[in-house]
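FYI, side chains are in, hydrogens and waters are out, and symmetry mates aren't considered; it's all heavy atoms of this structure. Naming: A, B, ... by sequence-line order, numbering from 1 per chain.
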Protein chains: 2
Amino acid sequence: MARKQGSHSDITGPRVRAAALKLFAAHGFAAVSMRQIAAEVGVQAGALYLYTPDKQTLLSDLLETHMGEVLSAWQAELPRIEARGGGPEAGLDAFARFHIRFHLARPQAVFISYMELRNLTPENFAKLEAMRKQYEDGLEQILIEGKARGLFDVSDTKLTTLALISMLNGVLTWYKPEGRLSLDRVESIYADMVSKSVRAQERSAQIA
Amino acid sequence: MARKQGSHSDITGPRVRAAALKLFAAHGFAAVSMRQIAAEVGVQAGALYLYTPDKQTLLSDLLETHMGEVLSAWQAELPRIEARGGGPEAGLDAFARFHIRFHLARPQAVFISYMELRNLTPENFAKLEAMRKQYEDGLEQILIEGKARGLFDVSDTKLTTLALISMLNGVLTWYKPEGRLSLDRVESIYADMVSKSVRAQERSAQIA
DNA sequence: TCTTGAACTGAACGGGTGTTCAGATAGGGT
DNA sequence: ACCCTATCTGAACACCCGTTCAGTTCAAGA
């Protein structure tokens, strides 16, 4: 029965990862069995081991791939910020909008990326943490620069970075594409809240 | 060996719930076995069934108890807000500070409350969702009133409610009691960010 | 046409799962 | 001193787990 039309390694491999992503996001890593993943792909459990050495690696590959995509997508965004002036205010706005848009396009990957970290081996966990930190540092640099220029009123850039990312991540818990608000509208509202939450008060002295 | 000193139902029952809370928070509901919980208590697995009809109920009892405590603690906070003037600004500040303080005191319960919802039966899930909504409505009412009085600049009170709670919940992912910042300091920084993120711009017209 | 080997099956491995229950144990009431 | 019963044990139940592997199938290369 092997080697049916269109059932080569190039096709089954991605299907295995897609099935794992879907099921891990829906039920959690620990609650999903290799047999369930295999059934979703339409294959016996043993066949999965042609595409992953074990269940744990299947998870960490998904997470590393996702985090890699986040990092390179944000890198690709930087030139566009420069093109629009490149100040901390433009950077912060771009970050908020990028984060919302990018993450809403991959809700399952984002979901498991912060739900299933504890199911990684220490080595895999450390690697993921480093990537996450790199992403957060991108935001913190914007805050640091804005603070230095007196544009932002931020007492602790590290805490603020985490608080802003938490707020932005929250969109995943409720956003539905067919919902009341359009993606653009959601993006704008979040970008506005982010901007206001760190903006320095306009000094009355300047106006008076 | 039964009925050792101090090993009555009144004592073992709470110990079972405490062990389950600890292990569920650390490893996740699906990854923790009844035998592990029993071992933590110092008892055989069968004995757990004197204190819970099944594993699922053990989880939902923990979640419902926690959510009940959140709601009643917030109710108890309301008179104190009234005493301090009772406006939307005072209410919002009180909510942020209450949320941070209360949740940091129960990190494990909070953790499982938004990680393990999917492991509940639909009935138990619905009950929990209703309680969570009631809590969120407390915050939204503050925003609605502040918006009506022109104190807050909030285009969508529902979205803003969820965004603010997400931001406040984020504190759990990084706060360590022995860390760099004191609880009071963290509380103040978050309360400040919350306040600024919804505050209406001071109109230059008023000043000029 | 024959051979090769990638892709997959299906059964098996040892071990863990939630849950049940007959029986042992021992503190409190009489 | 005795019994009662709340409490707990330890074994068993049927089933599911991740992983391995000998064997089967069949498209492609020679």
Note: for M34(A) and D10(B) on DNA chain D, the residue whose nearest nucleotide lies more 5' is D10(B)
Here the distance between atom C1' of dT19(C) and atom CG of L50(B), to the nearest Å, is 13 Å
Any carboxylate oxygen within less than 4.0 angstrom of a Lys/Arg side-chain nitrogen, looking at K133(B) and E136(B)? no
Among dC17(D), dC8(D), dC8(C), the one nearest any side-chain atom of T12(A) is dC8(C)
In whole angstroms, the gap separating P of dC17(D) from CD1 of I37(A) amounts to 11 Å
- Item | Short side-chain N/O contact from S33(A) to OP1 or OP2 of dC16(D), under 4.0 Å | no
Which of Q141(B), R149(B), K147(B) passes side-chain contact (heavy atoms from CB on, under 4.5 Å) with E145(B)? Answer is R149(B)
D54(A) atom CG is separated from dC17(D) atom P, nearest whole Å, by 17 Å
- Looking at F102(A), is R106(A) sitting on its ring face, NZ or CZ under 6.0 Å from the six-membered ring centre and within 45 degrees of the normal? yes
Atom CG of L48(A) and atom C1' of dC8(C) are separated, to the nearest Å, by 11 Å
Whole-Å distance, F29(B) CZ to dG18(C) C1', equals 10 Å
Considering only heavy side-chain atoms of Y51(A), the closest of dT20(C), dA7(C), dT19(D) is dA7(C)
Sorted by chain and residue number, the ring-ring contact (aromatic ring centres under 6.0 Å, His included) partners of H66(B) (sequence neighbours excluded) come out as none
Of the candidates dC8(C), dT19(D), dT9(C), the side chain of Q44(A) sits closest to dT9(C)
Closest of dT9(D), dC8(C), dT7(D) to the V43(B) side chain is dT9(D)
Worksheet item: Quick one: does R35(B) reach the base of dG18(C) with a side-chain donor-acceptor pair under 3.5 Å?
Response: yes
